[in-house]
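What you are looking at is a predicted structure, and each value in this text was computed from that prediction instead of being measured. The figures that follow rest on heavy atoms only: side chains count, while hydrogens, waters and symmetry mates do not. For this chain, numbers begin at 1 and follow the sequence in order.
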Amino acid sequence: GGVKGWQLQSVRLWRKYLGVLETPIAVLDWPHDGLLHITPRCFGALRALMAHRSQLLWYRWLYALFSGYMYCNVLLPMR
């Protein structure tokens, strides 16, 4: 068996909202059979929301700024 797919690594609640500070922690905690993706243009999602102003609510601004998933993601293999 090879890899059937990839799943997003879940992190503890305190790490979810570290924002860009999650990136160095993810690098140190990265399982080497997984894929580490650091988002070079993390505000692309905000630009997409700004294109549809009705979607850009206050809590989405906060999520975009403080969510570690906006800056860095680790994908784990599904076997």
Side-chain angles (χ1 to χ4, degrees):
V3 174
K4 293 181 182 178
W6 297 90
Q7 64 185 9
L8 182 64
Q9 180 185 35
S10 235
V11 296
R12 296 195 179 274
L13 185 63
W14 66 270
R15 282 182 57 186
K16 284 183 184 182
Y17 300 105
L18 286 177
V20 73
L21 298 176
E22 167 59 17
T23 303
I25 296 170
V27 169
L28 293 173
D29 192 36
W30 169 38
H32 292 290
D33 64 339
L35 297 174
L36 175 66
H37 177 73
I38 297 172
T39 309
R41 292 185 216 134
C42 55
F43 291 105
L46 262 183
R47 275 192 297 266
L49 286 172
M50 289 171 74
H52 304 280
R53 289 274 184 194
S54 65
Q55 297 300 308
L56 195 54
L57 304 173
W58 67 269
Y59 57 87
R60 291 199 176 124
W61 279 101
L62 291 177
Y63 182 82
L65 291 173
F66 295 108
S67 173
Y69 291 121
M70 291 290 289
Y71 303 95
C72 179
N73 288 290
V74 175
L75 299 173
L76 302 174
M78 293 171 36
R79 294 187 163 84

| said: Membership question, hydrophobic clusters at under 4.5 Å side-chain separation (ILVMFWY): are Met78 and Leu76 in the same one? | reply: no

| request: Indicate if Trp6 and Val74 have the same hydrophobic cluster label, given that clusters are the connected sets of ILVMFWY residues with side-chain heavy-atom separations under 4.5 angstrom. | output: no

Can I get a per-line list of side-chain donor-acceptor pairs under 3.5 Å for residues 11-26, giving both atom names and the distance, sequence neighbours left out?
unit_1 : atom_1 : unit_2 : atom_2 : d
Arg15  : NE     : Glu22  : OE1    : 3.0
Arg15  : NE     : Glu22  : OE2    : 3.4
Arg15  : NH1    : Asp29  : OD2    : 3.0
Arg15  : NH2    : Glu22  : OE2    : 2.7
Thr23  : OG1    : Val20  : O      : 3.3

| said: Does any part of the side chain of Leu75, heavy atoms only, come nearer than 4.5 Å to the side chain of Leu8, both counted from C-beta? | reply: yes

| About how many Å separate CZ of Arg60 and OG of Ser67, when rounded to the nearest 0.5 Å? | 13.0 Å

| What do you reckon, is OH of Tyr69 surrounded by more than 12 foreign heavy atoms closer than 6.0 Å? | yes

| Can Tyr59 be reached from Leu65 by stepping across I, L, V, M, F, W or Y side chains whose heavy atoms are under 4.5 Å apart? | yes

| Met70 with Trp58, same ILVMFWY side-chain cluster at under 4.5 Å | yes

| query | For the side chain of Tyr71 and the backbone of Phe66, is there at least one donor-acceptor N/O pair under 3.5 Å apart? | reply | no

